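Below: the structure, in structure tokens.
In this text, all values refer to a predicted model and were calculated from it rather than measured experimentally. Atom set for the values below is all heavy atoms of this structure, side chains included, hydrogens, waters and symmetry mates excluded.
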Amino acid sequence: MGAKLVIVGGVAGGATAAARARRVSEDAEIVVFERGEYISFANCGLPYYIGNVIKRRDHLLLATPEQFKQRYSIDVRIFAEVVGINSKEKAVEIKNTITGEKYWESYDKLILSPGAEPIKPLLEGIELENIFHLRNVPDSDRIKKIVDERNPRCAVVVGGGFIGLEMAENLTERGVKTTIVEMLDQVMPSLDYEMAALIHEHLEAKNVELELENGVKSFSKVNNRILVSTQKGREIACDMVLLSVGIRPEITLAIQADLKIGPTGGISVDDTMRTSDPNIYAVGDAVEVRDVVTGFPTLTALAGPANKQARIAADNALGRKSIFTGTLGTSVVKVFDMVLASTGANEKFLKKHDIPYLVSYTHSGSHAGYYPGATNTSIKILFSPGTGKVLGSQIVGKKGVDKRIDVLATAIRAKMTVYDLQELELAYAPPYSSAKDPINICGFVAANILKGDMEIVHWDELEKLQKNGAILIDLRTKFELNRVGKIEGALHIYIDELRSRLSELDKQKTYIPFCGIGFRGYLGHRILVQNGFKSRNLSGGFSTYTMANKAQ
């Protein structure tokens, strides 16, 4: 018999580590302890099970203890909570969650995959019936039972992150009027404000009410309903509440074992996923890892990184050398008909850590405009002002968002620059893309900024520039102005008339040409500067400006 590997926790981290460990060593003794009933389930699918998109509950269950035993010869013990670690004796204490019985189990190497726990704020009434978290299969069973059997009329979702948005969509699709209460001024904190603003209008169009910049003060029961009282004095009566205010790493065992905890509050690990104890490894939502872009420590509660970390921890625990190089936090989420995705650093993170960066916005068709069904894809890219190295990106659209964010995630991993994005040869056919893919377009625009072919201003700088005397030139058609609106005080000169009307302009003033999405603004900028005028183009055009300001 080879080394004895004990794994604490299942799902993406623990179950993956166990299966990988068996593939690495047929001789190892592998024991997995899971405090719940399910060793491996699709927790990312839970909102869609509640929404009846996933019809069968058993489709969420990826593997049973019996299947692990039969296929991998792994000893999986459910309803077995690890409550203590004696690192000197190399043993863990287990409590049977049904009988209460306790016993000790030895190990040679230990992998911790305890996950993260939902943050449960200390609010009056939070223990009331029909106030839920969604973290596992039993949680989804309880919520689905309420929706199926009681036909609630309305619900409040507290928090506008991944789970909050997915639950708002699925409850709405089940006919439940839903309100999102969020303390920030935006949903989806991984996005920067103006990109999240693109989602706000879509949510409201789908009959989801947004209560932004407002937190919950208390819950109370009134006439068999829940009354949600907010910090700003609003009271919302509903039939159920879903709490999705965030998660924190589950580090109780790590603290008890005197393992080092990092500055973000996660278990500190090296690039082999080893903790401060050479015989203990840790993976998943509970660990602090390195951010690829900045090198700073970070927490990433995502299934993809957890799976990779699990494989690496299993390799190293059984004598192989594997390295986890860090995380980008790449993510994508569906919100009704829209898709939002991000990778790498966002602007808030770069500002916080005083990292120099430039920003560019582009709005491109998801595929060739002459082929039916093309939709707009909005891309924000952040890049180094020196080298043009890609630092991060956010994309909001309807079609092709996932493949574009994956290209950009790959580009960041490969340390590519915006110049490289111009050269990428991406698959093209009219139903899927354009000869110049949206990724190429964002590369062209960012490279133009770096080369000095285009000086830009952003949506949040416009008001101050106007007060200081800058003059906006709206290059769109009169039809566009009447259909989608205009910016107050802007001079209207259609792009095709600009050259013939240059005599009307003053070379002592600064002009800010703009159009719907930025391309005609760029053309206007080039015309102006090459004719001796001072000009700066509005990045992302009227589309970025109006969505960001509409949400304010």
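A donor-acceptor pair under 3.5 Å is absent between the side-chain atoms of N86 and the main chain of K90, judged by distance alone. R20 places no side-chain N or O within 3.5 Å of a backbone atom of D315 that could act as its donor or acceptor partner. Of the possible polar contacts, none joining the T178 side chain to the A155 backbone as a donor-acceptor pair under 3.5 Å is found. Remark: side-chain polar atoms of T275 are paired, donor with acceptor, to backbone N or O of I280 under 3.5 angstrom. Not a single donor-acceptor pair under 3.5 Å links the side chain of N52 to the backbone N or O of K55. Here the side chain of E288 pairs a donor or acceptor atom with the backbone of T264 at under 3.5 angstrom. The main-chain N or O of E34 is never found under 3.5 Å from a side-chain atom of E81 such that the two would form a donor-acceptor pair. When atom types are taken as modelled, the side chain of R248 and the backbone of A116 share no donor-acceptor pair closer than 3.5 angstrom. A donor-acceptor contact shorter than 3.5 Å is absent between the side chain of D291 and the backbone of T298. Judged purely by atom type and a 3.5 angstrom limit, T410 has no side-chain atom pairing as donor or acceptor with the backbone of L408.
Rounding to the nearest 0.5 angstrom, the gap separating the CZ atom in R413 from the NZ atom in K415 is 8.5 Å. The SG atom of C442 sits 9.5 Å away from the CZ atom of F383 when rounded to the nearest 0.5 Å. If you take OG on S87 and OH on Y107, they are separated by 5.5 Å, rounding to the nearest 0.5 Å. One finds the OG1 atom of T172 at 8.5 Å from the CG atom of L203 (value rounded to the nearest 0.5 Å). Considering CD1 of I39 and CZ of F33, their distance stands at 11.0 Å, rounded to 0.5 Å. Going from atom NZ of K380 over to atom OG of S393 covers 9.5 Å, rounded to the nearest 0.5 Å.
Counting heavy atoms from C-beta outward, D75 and I30 have side chains that stay 4.5 Å or more apart. For the pair K95 and E101, the minimum side-chain heavy-atom distance is 4.5 Å or more. Side chains of K4 and E105 form a contact here, defined as non-hydrogen atoms less than 4.5 Å apart. The side-chain heavy atoms of V31 and I7, taken from C-beta on, include no pair separated by under 4.5 Å. Considering only heavy atoms from C-beta on, M240 comes within 4.5 Å of V147 through its side chain. Annotation: side chain of I146 is in contact with side chain of N130 (closest heavy-atom distance under 4.5 Å). By the 4.5 Å heavy-atom criterion applied to side chains, L112 and L259 are counted as neighbours. For the pair M338 and V401, the minimum side-chain heavy-atom distance is 4.5 Å or more.
Considering all non-hydrogen atoms of both residues, H133 and P118 come closest at ND1-CB, 3.5 Å. Shortest non-hydrogen contact noted between L302 and T330 is CD1-O, 3.6 Å. Scanning all heavy atoms of the two residues, the minimum distance from L318 to S25 falls at CD1-CB, 4.0 Å. In terms of heavy atoms, A17 sits closest to A310 at N-CB, 3.6 Å. Looking at every heavy atom in both residues, L421 comes nearest to N440 through O-ND2, 3.0 Å. When every heavy atom of A21 is checked against every heavy atom of L5, the shortest pair comes out as CB-CD2, 3.6 Å.
Applying the 6.0 Å contact sphere to NZ of K399 captures more than 12 heavy atoms from other residues, nucleotides or ligands. In this structure, F296 places its CZ atom where more than 12 heavy-atom neighbours from other residues, nucleotides or ligands lie under 6.0 Å away. Sparse packing is recorded around CZ of R35, with 12 or fewer heavy atoms of other residues, nucleotides or ligands lying under 6.0 Å away. Around the CZ atom of R23, the shell of radius 6.0 Å holds more than 12 heavy atoms that belong to other residues, nucleotides or ligands.
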(request) Start with the C-alpha distance between E127 and K120, add both sets of side-chain angles, then the distance that settles salt bridge (charged side-chain N to carboxylate O under 4.0 Å, His left out), and finish with yes or no. (result) CA-CA 10 Å; E127 301 296 340; K120 193 172 185 179; 3.1 Å; yes
(request) Applying side-chain contact (heavy atoms from CB on, under 4.5 Å), run through I180 and L165 and close with a yes or a no. (result) CA-CA 8 Å; I180 296 176; L165 291 178; 4.0 Å; yes
(request) Start with the C-alpha distance between Y281 and L110, add both sets of side-chain angles, then the distance that settles side-chain contact (heavy atoms from CB on, under 4.5 Å), and finish with yes or no. (result) CA-CA 6 Å; Y281 296 79; L110 178 66; over 6 Å; no
(request) Could you go through the side-chain contact (heavy atoms from CB on, under 4.5 Å) check for V289 and F324 one step at a time? (result) CA-CA 9 Å; V289 292; F324 183 70; 3.9 Å; yes
(request) Evaluate the side-chain contact (heavy atoms from CB on, under 4.5 Å) criterion for residues L243 and I126: first the C-alpha distance (whole Å), next the side-chain angles of each, then the deciding distance (0.1 Å), finally the verdict. (result) CA-CA 10 Å; L243 295 173; I126 200 164; 3.7 Å; yes
(request) Mind running salt bridge (charged side-chain N to carboxylate O under 4.0 Å, His left out) on K206 and D337 for me, showing each step along the way? (result) CA-CA 9 Å; K206 293 294 184 178; D337 304 327; 2.8 Å; yes
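With no hydrogens or angles considered, a side-chain donor-acceptor pair links D270 and T272 at under 3.5 Å. Y103 and E93 share no side-chain donor-acceptor pair at under 3.5 Å. Of the N and O atoms on the side chains of E211 and T179, not one donor lies less than 3.5 Å from an acceptor on the other residue. For the residue pair T16 and N307, a side-chain donor N or O sits within less than 3.5 Å of a side-chain acceptor on the partner. In the model, N170 has no side-chain atom that pairs as donor or acceptor with a side-chain atom of E173 under 3.5 Å.
No salt bridge links K144 with E149; every basic N to acidic carboxylate O contact stays at or beyond 4.0 Å. A salt bridge between D271 and R290 is absent, with no side-chain N of the basic residue lying under 4.0 Å from a carboxylate O of the acidic one. Salt-bridge check for E124 with K217: failed, with every basic side-chain N at 4.0 Å or more from each acidic carboxylate O. Between R57 and D141 a salt bridge is recorded (basic side-chain N to carboxylate O distance below 4.0 Å). Between K334 and E169, at least one side-chain nitrogen of the basic residue sits less than 4.0 Å from a carboxylate oxygen of the acidic one, meeting the salt-bridge criterion. Using a 4.0 Å cut-off between charged nitrogen and carboxylate oxygen, R404 and D406 do not count as a salt-bridge pair. The pair K145-D148 does not meet the salt-bridge criterion, since no charged nitrogen lies less than 4.0 angstrom from a carboxylate oxygen. At a threshold of 4.0 Å, the pair R135-D285 counts as salt-bridged, since one of the basic side-chain nitrogens sits closer than that to a carboxylate oxygen. A salt bridge is absent between D239 and R150; no separation between the charged side-chain nitrogens and carboxylate oxygens falls under 4.0 Å.
A side chain to side chain contact (heavy atoms under 4.5 Å, CB included) with N43 is found for exactly one of L134, L60, V11, namely V11. When the options Q186, K348, Q394, K351 are evaluated for a side-chain hydrogen bond (donor to acceptor under 3.5 Å, both in side chains) with D192, the one that passes is Q394.
Ring planes of Y38 and F41: perpendicular class, angle over 60° (limits at 30 and 60°).
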